[in-house]
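Scope of the values below: all heavy atoms of this structure, side chains included, with no hydrogens, waters or symmetry mates. Within every chain, numbering begins at 1; the chains are lettered A, B, ... in the order of the sequence lines, protein sequences first and strands thereafter.
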Number of protein chains: 2
Amino acid sequence: MTMLSARQIKVLQAVIEEYIHSGEPVGSRTLSRSSAFQLSPATLRNVMADLEDEGFLCQPHTSAGRIPTDLGFRFYVNNLAGFTSVSAAAQLQIRARLEVAGGRLEEVLHDGVLTLAQLTPYVGVVSLPDFRQMIIRHIRFVKLHECRILAVVVSVSGAVQNILFDSETSLSQDQLNRFSNYLNALLGNLTLSGVKRKVLKEMANDKRGYDELFAQVLALSKSFFAKDPDQQSDVMLDGKLNLLEHPEFSDVERMKGIFKAFEEKGSILKILDGALGGEQLRVIIGAESCCEEMRHCSLVTAEYGREDRILGQIGVIGPTRMDYSRIIPLVNYIADAMSRRLQN
Amino acid sequence: MTMLSARQIKVLQAVIEEYIHSGEPVGSRTLSRSSAFQLSPATLRNVMADLEDEGFLCQPHTSAGRIPTDLGFRFYVNNLAGFTSVSAAAQLQIRARLEVAGGRLEEVLHDGVLTLAQLTPYVGVVSLPDFRQMIIRHIRFVKLHECRILAVVVSVSGAVQNILFDSETSLSQDQLNRFSNYLNALLGNLTLSGVKRKVLKEMANDKRGYDELFAQVLALSKSFFAKDPDQQSDVMLDGKLNLLEHPEFSDVERMKGIFKAFEEKGSILKILDGALGGEQLRVIIGAESCCEEMRHCSLVTAEYGREDRILGQIGVIGPTRMDYSRIIPLVNYIADAMSRRLQN
DNA sequence: GTTAGCACTCTTTGGGTTTAAGTGCTAACG
DNA sequence: CGTTAGCACTTAAACCCAAAGAGTGCTAAC
């Protein structure tokens, strides 16, 4: 990519901001009039033609103004966007909302996307962490019915999983309590599968306790660990309707594609966790998501988590013509607030 | 309403079935040709004009064919629709799906709507029962952190609620277990608020046990019962995208309205539980739902439950031009299968 | 390097016409 | 009397065409 001159950059920025604002292709005349350029339309045409050659702009058709390409937007967010600070009202709403939220992880996350959907005209999105990778704080067994047992597993971050399974023999609630205590004593910064390994190892070592109780415990542990938690990972979306307000989605087919991607959440999840381990805040523009249905959408997401552990991504999905200057700081802010909230 | 002649009825039926099939206004000519009427278009026109006067048919505009009104459809489902039996393939799929489902109520319901969304070109919908009205089978407390306690409440129908709350004093897991046992011993065909009342009464009576433990238990019980379960009642929807395939929803504004109603589930819930205590199977056609956004939709729903207790409604939402003959038996079948499944 | 001018392209808009479908009405028919 | 054929009428949709509007690229002059 060749270097852009200062003037080219200024023009590019003006085109993009005008386009973000109006949603319509921007032509040389409007540009020359609106912005404080001291240049004639003709000159701007030349500059814009160059920018088109470089791939930053394109035209829907000859005789229409220019609109930014994905590359144009990319250049904009990387170099040009001036980030406005989060409005006091928004800050207030975010903090108020998060304080009210109950302690369950799901509730906190849900409040997060809801807030984003309310503060922006876009879709709020959050990826729930894979439960299998969470560190377990507590496991408890509840006898429901004969052999049917409910395991309640709580992670340090406050995620609660209910896992229903059948034991081979009927156990009393007292026995289950004893087993719970045993398990909880040896948890300790382990994930569920870590616990599983540890339990099996302990049992192999600890031959002394091979009494009847212990055999039962082993059996129970086998049937419990055989069953995976059903929520492996998932995404939550809110404010899908917001998208309908944007003119670029008045095309029914396009909308259908996007909603389809929303419905089978797998593809969204793949995008969110795709470049996992990258930067703390990510902007994915149009085709960069490598998801055909999402070609006309951008995502702005940030990691949230507790301490040094990343739990997932939270952010928004909107048209590529997104108000990046406002959204990027906002997403950043909310991810931060949420991480702090989960620290408690 | 004046009585309809046999011929009028036959014509009405033909018009409706043709319209359900084609989706387009049906005129006298097509009717005369297709159906085995031995009548000329002119005669049919006369009949149709009468039916329009009676309010069963209407025209989008002069010089268009007729389409059935809500009243027309109503007459059709009440008197005319011949119900086809559920196809063997569908029966198989429903049973297979339900067998696989885990034991949690939510899972069973989710499988239900999913199946409906797959077997029909409409939206599957189910109303989750209000947890506050469910009979409680089991309550268990899990100590998470100092005063923070997780209550796991399981209903007889398999619904699991996690309720997070704070106790005033720090209690050990052992104490919590004892309290759990105490509570579970006195459950017995009561709802959560029933349990609450009973506990408070028991404690008032049972002065003898007013020792330290008992004071704690009372305190805990107070903070626990103060907190309502967060899932009061709710609806689950699946297959929203199916609706996009129907021509009557290609109008963007109309679609937007419907999706808005879907998003804020309250209005759907109101429709579902509106005529609660009515018939086992209900068909709500167009404006009968009294929900402006749903003016062009019909609902076919049936009660599901266990034993004599109704838990909620399951069914589909589609255009008023719905294939009632097929859908009504299908919804009936699945509600039945689900009720049996919940019996286990 | 910048700009005015100009011919050109392409979409959008609007009017007008035609086509197709279907109606209501009337008069004839068995 | 019910039924039917015929016909004039209505309306939406499809189509065409012309004009308008916006914007471009290019060239020549400043």
Side-chain angles (χ1 to χ4, degrees), chain A residues 3-12 14-16 18-19 21-69 72 247-248 250-252, chain B residues 3-12 14-16 18-19 21-69 72 247-248 250-251 254:
Chain A
M3 203 60 190
L4 293 182
S5 74
R7 190 168 70 175
Q8 284 178 313
I9 290 180
K10 246 184 96 182
V11 171
L12 179 58
V15 170
I16 292 182
E18 176 63 26
Y19 179 69
H21 182 254
S22 74
E24 313 230 303
V26 14
S28 55
R29 174 174 270 102
T30 43
L31 203 59
S32 146
R33 232 176 311 150
S34 79
S35 199
F37 285 114
Q38 295 303 33
L39 296 173
S40 74
T43 312
L44 288 171
R45 277 204 286 280
N46 289 331
V47 180
M48 287 162 90
D50 292 347
L51 286 169
E52 180 165 2
D53 288 344
E54 300 290 341
F56 295 106
L57 297 178
C58 68
Q59 310 177 265
H61 54 267
T62 12
S63 95
R66 258 73 173 207
I67 61 178
T69 60
E248 39 264 88
S250 53
D251 177 69
V252 180
Chain B
M3 204 59 187
L4 293 183
S5 75
R7 189 168 72 176
Q8 283 177 315
I9 290 179
K10 247 185 96 181
V11 171
L12 180 58
V15 170
I16 291 182
E18 178 62 28
Y19 178 69
H21 182 254
S22 73
E24 312 228 305
V26 12
S28 56
R29 175 174 268 102
T30 42
L31 203 59
S32 146
R33 232 176 310 150
S34 79
S35 199
F37 286 115
Q38 296 301 34
L39 296 173
S40 74
T43 313
L44 289 172
R45 277 204 287 281
N46 288 330
V47 180
M48 288 162 89
D50 292 347
L51 286 170
E52 181 165 0
D53 287 344
E54 300 289 340
F56 295 106
L57 298 178
C58 67
Q59 310 179 263
H61 54 266
T62 12
S63 96
R66 257 73 173 207
I67 61 178
T69 60
E248 38 264 88
S250 53
D251 177 70
R254 188 177 295 183

Could you tell me the separation between the CG atom of B/Leu39 and the C1' atom of D/dG2, rounded to a whole number of Å?
10 Å
When both hydrogen-bonding distances must be under 3.5 Å and the geometry is Watson-Crick or G-U wobble, what is D/dC15 paired with, if anything?
C/dG16
Do B/Arg7 and B/Thr43 make a side-chain contact, defined as non-hydrogen atoms from C-beta onward lying under 4.5 Å apart?
yes
Between D/dA22 (P) and A/Leu31 (CG): distance, integer Å:
16 Å
Short side-chain to backbone donor-acceptor contact, B/Arg66 and B/Glu52, under 3.5 Å:
no
For A/Ala64, which contact category applies under a 4.0 Å heavy-atom criterion: base, sugar-phosphate, or nothing?
sugar-phosphate
Of the listed C/dA4, D/dT24, D/dT11, the closest approach to the B/Thr62 side chain comes from D/dT11
Rounded to the Å, how far apart are A/Phe37 CZ and C/dG1 C1'?
17 Å
Atom CD of A/Gln8 and atom C1' of C/dT2: how far apart are they, to the nearest Å?
16 Å
Could you check how far CD of A/Gln59 sits from C1' of D/dA22, rounded to whole Å?
12 Å
Compare the minimum distances between each of D/dG25, C/dG24, C/dG22 and the side chain of B/Arg66, then state the nucleotide with the smallest one.
C/dG24
Would you kindly compare B/Thr43 and B/Pro60 by the position of their nearest DNA chain D nucleotide and give the one closer to the 5′ end?
B/Thr43
Using whole Å, report how far CD of A/Glu52 lies from C1' of D/dC26.
15 Å
From D/dG25, D/dG6, C/dT2, pick the nucleotide closest to the side chain of B/Arg45?
D/dG6
Of the listed nucleotides C/dC10, D/dT11, C/dT23, the one nearest the side chain of B/His61:
D/dT11
Between the base of D/dT10 and the side chain of B/Ser63, is one N or O donor paired with an acceptor at under 3.5 angstrom?
yes
B/Ser28 side chain near C/dT23 phosphate (N/O to OP1/OP2, under 4.0 Å)
yes
Find the distance A/Gln38:CD to C/dT2:C1' and express it as a whole number of Å.
13 Å
Should B/Phe56 and B/Leu4 count as side-chain neighbours, where that means a heavy-atom distance under 4.5 Å?
yes
Is there side-chain contact between A/Glu18 and A/Thr30, with heavy atoms separated by less than 4.5 Å?
no
Taking CG from A/Asn46 and P from C/dA4, how many angstroms apart are they, rounded to a whole number?
13 Å
Both distances under 3.5 Å, Watson-Crick or G-U wobble: report the partner of C/dT3, or none.
D/dA28
Is the shortest side-chain heavy-atom distance between A/Leu39 and A/Ser32 below 4.5 Å?
no
